[in-house]
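Some notes on the structure that comes next.
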Amino acid sequence: MSLSDAMHATGVEVNYYFICKRKLWYFTHGITMEHNSTRVEIGKEVHKNSFKRKNKEIMIDNQICLDFIDKELIINETKLTKAMNDATRYQILYYIYYLENKGIKQVKGIVHYPKSKKREIIELDGEERQVLDKVLKFIYAIKKSNSPPSLEKKRKCKKCSYYELCFS
């Protein structure tokens, strides 16, 4: 597998990799449960009602979808809470990484948390590029697998839209 094969991941897939590899497998095999989640609906409303003047949901190569990007090449992402901070951080880092691989340099990211009125600036460094190289290969392997990764019960599982699927 080449890195270009691995670069066929979406931002959501990178996010799910850090949240739960089993959720990633379900999602990439067409099993979606987000439509049953109140938290997902609230997150969509926060996204919809934030930055109303911006041209949102910028799709690039039918691969990554940015909430919005401004003139200074800053990718902006809006999230409900910091609960999945690593997942969100690597989702944005992947967007920066993806754009860099297309020859677009000096891209940064900002995650906005409107509920807490905070934001976090995100920049990609060499160590994180190496992490993303490995993560993209793992995502590729999970997507190609015929069965989901083993079930791991974690505290965050109870809030997951896939909870019933995993634990019923």
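- The hydrophobic clustering, which links ILVMFWY residues whose side-chain heavy atoms are closer than 4.5 Å, places Ile110 and Tyr97 apart.
- A 4.5 Å side-chain heavy-atom check between Arg89 and Glu120 finds at least one atom pair inside the cut-off.
- Partners of Asn85 according to the side chain to side chain donor-acceptor pair (under 3.5 Å) rule, which considers only residues two or more places apart in sequence or in another chain, are Tyr113.
- Evaluated for a side chain to side chain contact (heavy atoms under 4.5 Å, CB included) with Tyr90, the options Val135, Asn15, Val131 yield exactly one hit, Val131.
- Lys56 contributes a side-chain N or O that, together with a main-chain N or O of Lys48, makes up a donor-acceptor pair within less than 3.5 Å.
- Heavy atoms only, all atoms of each residue included: Lys153 and Tyr163 are closest at NZ-OH, 4.3 Å.
- The shortest distance between side-chain heavy atoms of Glu77 and Tyr95 falls below 4.5 Å.
- Under the 4.5 Å side-chain contact rule for hydrophobic residues, Ile19 and Leu136 share a cluster.
- Residues Ile60 and Leu99 meet the side-chain proximity criterion, which asks for heavy atoms closer than 4.5 Å.
- Of the possible polar contacts, one joining the Gln63 side chain to the His8 backbone as a donor-acceptor pair under 3.5 Å is found.
- Between Phe27 and Tyr16, the ring-plane angle classifies as perpendicular under the 30° and 60° cut-offs.
- In this structure a side-chain-to-backbone donor-acceptor pair under 3.5 Å is present from Tyr94 to Ala9.
- The minimum heavy-atom distance linking Met59 with Ile64 is given by the pair SD-O, 3.3 Å.
- Ile92 CD1 to Ile121 CD1: the interatomic distance, rounded to the nearest 0.5 Å, is 13.0 Å.
- Glu100 meets the side chain to side chain contact (heavy atoms under 4.5 Å, CB included) test with Ile96, Lys105, Leu124, Arg129; sequence neighbours excluded.
- Annotation: side chain of Gln91 is in contact with side chain of Lys79 (closest heavy-atom distance under 4.5 Å).
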Test side chain to side chain donor-acceptor pair (under 3.5 Å) applied to Tyr17 and Glu13, step by step: CA-CA 6 Å; Tyr17 175 84; Glu13 291 169 353; over 6 Å; no

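- Here the closest heavy-atom approach between residue His112 and residue Pro114 is recorded as O-CD, 3.4 Å.
- Residue Leu151 holds its CG atom at 7.0 Å from SG of Cys157, rounded to the nearest 0.5 Å.
- Taking the six-membered ring for Trp and thresholds of 30 and 60 degrees, His29 and Trp25 have nearly parallel ring planes, at less than 30 degrees apart.
- In terms of hydrophobic clustering, with Ile, Leu, Val, Met, Phe, Trp and Tyr side chains grouped at heavy-atom distances under 4.5 Å, Val12 and Ile122 are assigned to a common cluster.
- Nearest heavy atom pair, residue Cys166 against residue Arg22, reads SG-NE, 3.6 Å.
- Under a 3.5 Å cut-off, the side chain of Tyr162 and the backbone N or O of Ile31 do form a donor-acceptor pair.
- Remark: side-chain polar atoms of Asn76 are paired, donor with acceptor, to backbone N or O of Ile74 under 3.5 angstrom.
- Residue Glu123 comes nearest to Glu128 through the heavy atom pair O-OE1, 3.1 Å, listed as atom of the first residue, atom of the second, then distance.
- Under the 4.5 Å side-chain heavy-atom criterion for Ile, Leu, Val, Met, Phe, Trp and Tyr, Tyr98 and Ile104 are members of the same hydrophobic cluster.
- Atom NZ of residue Lys21 and atom CD of residue Glu152 lie 7.0 Å apart, to the nearest 0.5 angstrom.
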